[in-house]
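None of these values were measured; they are calculated from a predicted model.
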Amino acid sequence: MESFTLTRIEMSCLLLSLTGVSPQKPLNILQEAWTKFHHDEVRSGTTLPAFLSTDIPPILHKIIKGGTVKGLSLGEIAALGHLIEYSNLSVTAMQNWVKRDFKEYLGSPKAGKKYSFNQAALLFMIDDLKSALDFESIRQLFQLLFLMPERDDDDLIEPAQMYSSYAGLFEEIKSNPVLHTQRIGGRDLHKNTWKDSSLARATEGILTRLNHLSKTQREMVQNALLVAAISVQTCYFQSLAKQYFNAVLFLDF
């Protein structure tokens with residue numbers, strides 16, 4: 001069956017919609033994500049067989065039916081993680097993060113017996129960041145962004161908003177040839193400061209929404225966004241390399 005695939009920006013929109021922050025309905029987000037791969041079926045009126053041949057995990061069925069989703073189990077977060085392009089999130093890895101590596105942030109579910117959407121965003125962020133950083137570095141980054149783990153009201157930026165922001169930045173990198181082929185390669189980032197780089201300037205729209213933060217705090221968020229976006233780019237190249245390697249093995253006949 002065909003897999004249901006979401007970009008990180010679509011997944012972040014889904015999380016924000018489920019929290020009630022976004023006016024867009026979760027079902028509309030899923031419909032748009034599915035439709036972009038099925039324009040021919042929409043034009044020919046054959047969407048029903050196409051949708052029936054799509055693998056839909058139970059958590060999406062619940063969202064599609066309009067059920068109330070106030071939190072997510074680790075299994076549901078893993079199911080959503082499998083939908084994200086270039087991602088390899090697993091329940092086993094998340095259990096280790098929850099019980100050991102990031103226990104201070106994830107050890108206690110914050111939505112009853114389930115994990116909050118911000119905690120789900122943290123898990124997605126860890127999966128992205130680990131492509132470029134070790135766990136100690138990720139913990140240090142979290143400490144700078146989210147301050148005291150037991151509190152949510154002191155975050156410089158909420159995890160779901162952070163995930164959405166760097167997901168949007170990654171989409172801009174993909175769609176902008178200058179960022180994609182030149183600036184992300186490192187020439188700008190090897191300067192004494194990132195402030196003048198094309199990649200850094202791409203974050204300015206995000207930072208304008210954080211005018212409640214001090215200049216130093218905004219710079220901290222900006223640097224973290226750049227680290228996260230480049231980490232996702234690393235995920236992309238790792239996924240691409242694995243695809244080519246598998247193709248080489250398969251086509252050896």
Side-chain angles (χ1 to χ4, degrees), residues 6-19 21-22 71-74 76-111 114-152 154-173 199 203 206-207 210 217 220-236 238-239:
L6 295 173
T7 64
R8 282 166 177 76
I9 193 64
E10 289 165 344
M11 179 59 74
S12 68
C13 287
L14 181 63
L15 292 179
L16 292 173
S17 178
L18 291 170
T19 62
V21 173
S22 169
L72 300 165
S73 67
L74 285 183
E76 290 170 336
I77 295 172
L80 290 176
H82 289 158
L83 307 180
I84 303 173
E85 59 182 3
Y86 325 128
S87 177
N88 293 298
L89 195 61
S90 70
V91 174
T92 302
M94 288 193 302
Q95 287 173 336
N96 290 332
W97 301 342
V98 166
K99 295 178 181 178
R100 184 183 65 227
D101 303 306
F102 299 92
K103 184 178 180 179
E104 63 269 39
Y105 293 97
L106 300 165
S108 301
K110 294 185 178 180
K114 294 194 172 186
Y115 292 87
S116 69
F117 301 115
N118 273 324
Q119 288 179 305
L122 282 174
L123 287 164
F124 294 153
M125 289 172 60
I126 294 168
D127 189 50
D128 287 339
L129 291 168
K130 69 179 177 60
S131 67
L133 304 176
D134 57 44
F135 284 166
E136 179 57 32
S137 299
I138 297 174
R139 281 192 292 270
Q140 291 175 341
L141 191 64
F142 281 3
Q143 287 168 6
L144 294 170
L145 289 173
F146 310 125
L147 305 181
M148 298 179 67
E150 66 274 13
R151 292 178 55 184
D152 293 332
D154 64 345
D155 297 347
L156 300 187
I157 182 172
E158 287 191 352
Q161 291 285 359
M162 177 68 185
Y163 185 64
S164 175
S165 296
Y166 80 72
L169 181 57
F170 175 66
E171 290 301 315
E172 188 164 350
I173 291 171
L199 191 56
T203 68
I206 299 168
L207 297 178
L210 301 175
Q217 289 174 326
M220 175 61 63
V221 173
Q222 181 186 46
N223 292 340
L225 287 171
L226 294 168
V227 170
I230 295 170
S231 296
V232 177
Q233 189 80 352
T234 304
C235 292
Y236 165 71
Q238 288 177 342
S239 176

Asker: Which atoms form the tightest heavy-atom contact between Leu133 and Ser137, and what is the distance?
Answerer: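 Heavy atoms only, the tightest pair is CB-CB, 4.0 Å.
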Asker: Which pair of heavy atoms, one from Ala167 and one from Ile9, lies closest together, and at what distance?
Answerer: CB-N, 3.6 Å
Asker: Taking the side chain as everything from C-beta on, heavy atoms only, tell me whether Ile126 gets closer than 4.5 Å to Phe142.
Answerer: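 Answer yes - side chains close enough.
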Asker: Just verifying a value: how many Å separate Met220 CE and Ile157 CD1, rounded to the nearest 0.5 Å?
Answerer: 13.0 Å
Asker: Check for a donor-acceptor pair, side chain of Ser239 on one end and backbone N or O of Tyr236 on the other, with a separation under 3.5 Å.
Answerer: no
Asker: Sub-3.5 Å donor-acceptor pair from the side chain of Thr203 to the main-chain atoms of Ile206, do we have one?
Answerer: no
Asker: Please report the closest heavy-atom contact between Lys103 and Lys99, naming both atoms and the distance.
Answerer: CD-O, 3.6 Å
Asker: Look up atom CD in Glu150 and atom OH in Tyr105, then write down how far apart they are to the nearest 0.5 Å.
Answerer: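 One gets 9.0 Å once the value is rounded to the nearest 0.5 Å.
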Asker: For the atom pair CG (Leu122) and CE (Met94), what is the distance rounded to the nearest 0.5 Å?
Answerer: 12.5 Å
Asker: Sequence neighbours excluded, which residues qualify as salt bridge (charged side-chain N to carboxylate O under 4.0 Å, His left out) partners of Asp152?
Answerer: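 Residues passing salt bridge (charged side-chain N to carboxylate O under 4.0 Å, His left out) with Asp152: Lys110.
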Asker: Heavy atoms, side chains only, cut-off 4.5 Å: are Tyr115 and Glu76 in contact?
Answerer: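 No, their side chains stay 4.5 Å or more apart.
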Asker: Please name the pair of heavy atoms, one in Leu80 and one in Met11, separated by the smallest distance, quoted to 0.1 Å.
Answerer: O-CE, 3.2 Å
Asker: Can you tell me how far CD1 of Ile84 sits from CD of Glu10, rounded to the nearest 0.5 angstrom?
Answerer: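 Answer for the CD-CD1 pair, Glu10 versus Ile84, is 10.5 Å.
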Asker: When you measure from the side chain of Ser164 to the backbone N and O of Gln161, does any donor-acceptor pair fall under 3.5 Å?
Answerer: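 Such a contact is absent between Ser164 side chain and Gln161 backbone.
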Asker: Might you point out which heavy atoms bring Ser73 and Lys114 nearest each other, and give the distance in Å?
Answerer: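 Closest heavy-atom pair between Ser73 and Lys114: N-CD, 3.9 Å.
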Asker: Tell me the side-chain hydrogen bond (donor to acceptor under 3.5 Å, both in side chains) pairs involving residues 86-97, sequence neighbours left out?
Answerer: Ser87-Asp127
Asker: Within the structure provided, determine whether Leu145 and Asp155 are in side-chain contact (heavy-atom separation under 4.5 Å).
Answerer: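 They are not in contact (no side-chain heavy atoms under 4.5 Å apart), so the answer is no.
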Asker: As an exercise, state the distance from CE of Met125 to OG of Ser231, rounded to the nearest 0.5 Å.
Answerer: 10.0 Å
Asker: Here's a test for you: under side-chain contact (heavy atoms from CB on, under 4.5 Å), which of Val232, Leu141, Thr234 qualifies with Leu129?
Answerer: Leu141
Asker: Counting distance only, does the side-chain N/O of Gln119 pair as donor-acceptor with the main-chain N or O of Ser108 below 3.5 Å?
Answerer: yes
Asker: Are any of the side-chain heavy atoms of Leu210 and Val221 separated by less than 4.5 Å?
Answerer: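 They are in contact (side-chain heavy atoms under 4.5 Å apart), so the answer is yes.
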Asker: In Å and rounded to the nearest 0.5 Å, what is the CG to NZ distance from Asp101 to Lys130?
Answerer: 11.5 Å
Asker: Hey, are the side chains of Leu74 and Leu123 touching, using non-hydrogen atoms and a 4.5 Å cut-off?
Answerer: yes
Asker: According to ring pair (Phe, Tyr, Trp, His ring centres under 6.0 Å), who are the partners of Phe117, at least two apart in sequence or on a separate chain?
Answerer: none
Asker: Looking at every heavy atom in both Ser165 and Leu225, which two are closest together, and how far apart are they?
Answerer: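 Looking at all heavy atoms of both residues, the closest pair is CB-CD2, 3.5 Å.
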Asker: Is there a side-chain contact between Arg8 and Phe124 in this structure, where contact means two heavy atoms from C-beta onward sitting under 4.5 Å apart?
Answerer: no
